[in-house]
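Down below is the structure, laid out as structure tokens.
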Amino acid sequence: MRTISENRAFGGVQGVYAHQSECCQCEMTFGLFLPEEAEHGPVPVLWYLSGLTCTHENAMVKSGAQRWAAETGIALVFPDTSPRGEDAANDDDYDLGQGAGFYVDATDLPWAAHYRMWTYVTQELPAALFNAYPIAESAQAIMGHSMGGHGALTMAMSLPGRFRSVSALAPICHPTNSLWGRKQFTAYLGVEEEPWAAHDATLLMKKRGFDGPMLIDQGTSDRFLELLQPEALATAMVERRQPGSFRMQKGYDHSYFFVSSFMEEHVHFHARALLG
């Protein structure tokens, strides 16, 4: 681990670190907030997955999550959204390539060499963190925004028993039926659509659901509603009778003003699951 910065915050430490990723074949950067309780032993952890165009820094700086994490005594992890560097493939469009890894393991060229964000977030980065920092592997939760909400929901449903709770803010809910999904899955996973289903929260909800509490917030004034398709996931939750809350928040958009407005509720939601 290479320390980029460490700052005291709410009695804990907000750090930014970098390490060489074998699966992404580049140096990856992440943010990690450790509350004061981590000085005395392992603490529960909440993973935060960010959206399109973001790095590790957006939520770390804009969401205000550290205040509530410190209050409840849980750690926060802010991974990056894609591989980085001159060697990693990229695209002129903002929603493909660097900053838009979509939390999948790419199988098609030129993306396959570096774009293995599923393995990075679910295997490589956790192994590195649990080995290096006082974080309790047995007490994990996950959340995300937009593309990161898609990642959080699909990981939670695909890895039963890993996460005690899951939440999302304006997630991409049905990517196999949306331009935010079909475009990226075609590039990363190929034109055959069968492998795409493993990365669609609506289809996973219909197939298996989630074995813990779930919270989803979506703004009614979000200009990306047609791409996010929240109604598809809400319907699937009702049909499955999935325990959880799906809330349409009047007047809110897709920005970090929306994210920060509901961050306190989401952190406390996860803290209840993590701390019993």
Side-chain angles (χ1 to χ4, degrees), residues 19 21-24 28 30-35 38 41-51 56 59 65 69 72-81 101-105 116-145 147-169 171-173 175 195 197-216 233 236-237 240 242-245 266-276:
H19 68 122
S21 167
E22 291 186 11
C23 66
C24 294
M28 295 293 287
F30 65 91
L32 172 64
F33 173 76
L34 291 174
V43 295
V45 60
L46 172 58
W47 295 80
Y48 182 100
L49 305 187
S50 289
H56 69 280
T72 55
I74 63 177
L76 299 168
V77 182
F78 304 97
D80 203 347
T81 56
F102 256 76
Y103 302 102
V104 303
D105 283 353
R116 302 190 66 217
M117 290 304 295
W118 181 275
T119 297
Y120 176 71
V121 173
T122 64
Q123 297 181 32
E124 187 178 35
L125 183 56
L129 290 178
F130 296 135
N131 184 57
Y133 300 100
I135 298 172
E137 186 175 1
S138 61
Q140 300 183 63
I142 191 167
M143 69 175 297
H145 171 232
M147 179 185 73
H150 138 79
L153 291 168
T154 56
M155 289 177 185
M157 286 187 276
S158 298
L159 300 168
R162 169 80 67 92
F163 302 105
R164 295 191 185 180
S165 53
V166 61
S167 74
L169 295 148
I172 300 173
C173 294
H199 299 284
D200 186 305
T202 295
L203 299 182
L204 288 171
M205 177 57 64
K206 292 179 178 180
K207 182 178 180 180
R208 61 170 66 104
F210 177 61
D211 56 351
M214 176 180 287
L215 172 62
I216 299 171
L233 180 56
M237 290 175 66
R240 188 173 185 84
Q242 168 72 43
S245 298
H266 280 249
V267 173
H268 282 123
F269 164 79
H270 290 292
R272 287 193 293 273
L274 291 168
L275 301 172

| Is there a side-chain contact (heavy atoms from CB on, under 4.5 Å) between S158 and W118 once you walk through the steps? | CA-CA 11 Å; S158 298; W118 181 275; 3.8 Å; yes
| request: May I have the step-by-step check of side-chain contact (heavy atoms from CB on, under 4.5 Å) for I74 and V43, ending in yes or no? | output: CA-CA 6 Å; I74 63 177; V43 295; 5.9 Å; no
| task | Go through the steps to decide whether K206 and R240 satisfy the test side-chain contact (heavy atoms from CB on, under 4.5 Å), and finish with yes or no. | result | CA-CA 6 Å; K206 292 179 178 180; R240 188 173 185 84; over 6 Å; no
With a 4.5 Å heavy-atom cut-off, do [X] and [Y] have their side chains touching?
| X | Y | result |
| --- | --- | --- |
| I135 | Q140 | no |
| E124 | S21 | yes |
| V77 | Y133 | no |
| M28 | H56 | no |
| C24 | M117 | yes |
| I172 | L153 | no |
| M147 | Y103 | yes |
| Y48 | H266 | no |

| query | Any sub-3.5 Å donor-acceptor pair from R164's side-chain atoms to A271's backbone N or O? | reply | no
| query | Does a donor on one side chain and an acceptor on the other come within less than 3.5 Å for H270 and S165? | reply | yes
As an exercise, state the distance from [atom1] of [X] to [atom2] of [Y], rounded to the nearest 0.5 Å.
| X | Y | atom1 | atom2 | answer |
| --- | --- | --- | --- | --- |
| L46 | F78 | CG | CZ | 8.0 Å |
| T122 | R116 | OG1 | CZ | 9.5 Å |
| K207 | M157 | NZ | CE | 11.5 Å |
| T202 | M237 | OG1 | CE | 10.5 Å |
| T154 | L203 | OG1 | CG | 11.5 Å |
| H268 | L215 | NE2 | CG | 13.5 Å |

| task | Compare every heavy atom of A136 with every heavy atom of V45, then report the nearest pair and how far apart it is. | result | CG1-O, 4.3 Å
| remark: Taking every heavy atom of L49 against every heavy atom of G151, the minimum-distance pair comes out as CD1-C, 3.7 Å
| So F102 and H150, would you call those rings parallel, tilted or perpendicular, with 30° and 60° as cut-offs? | tilted
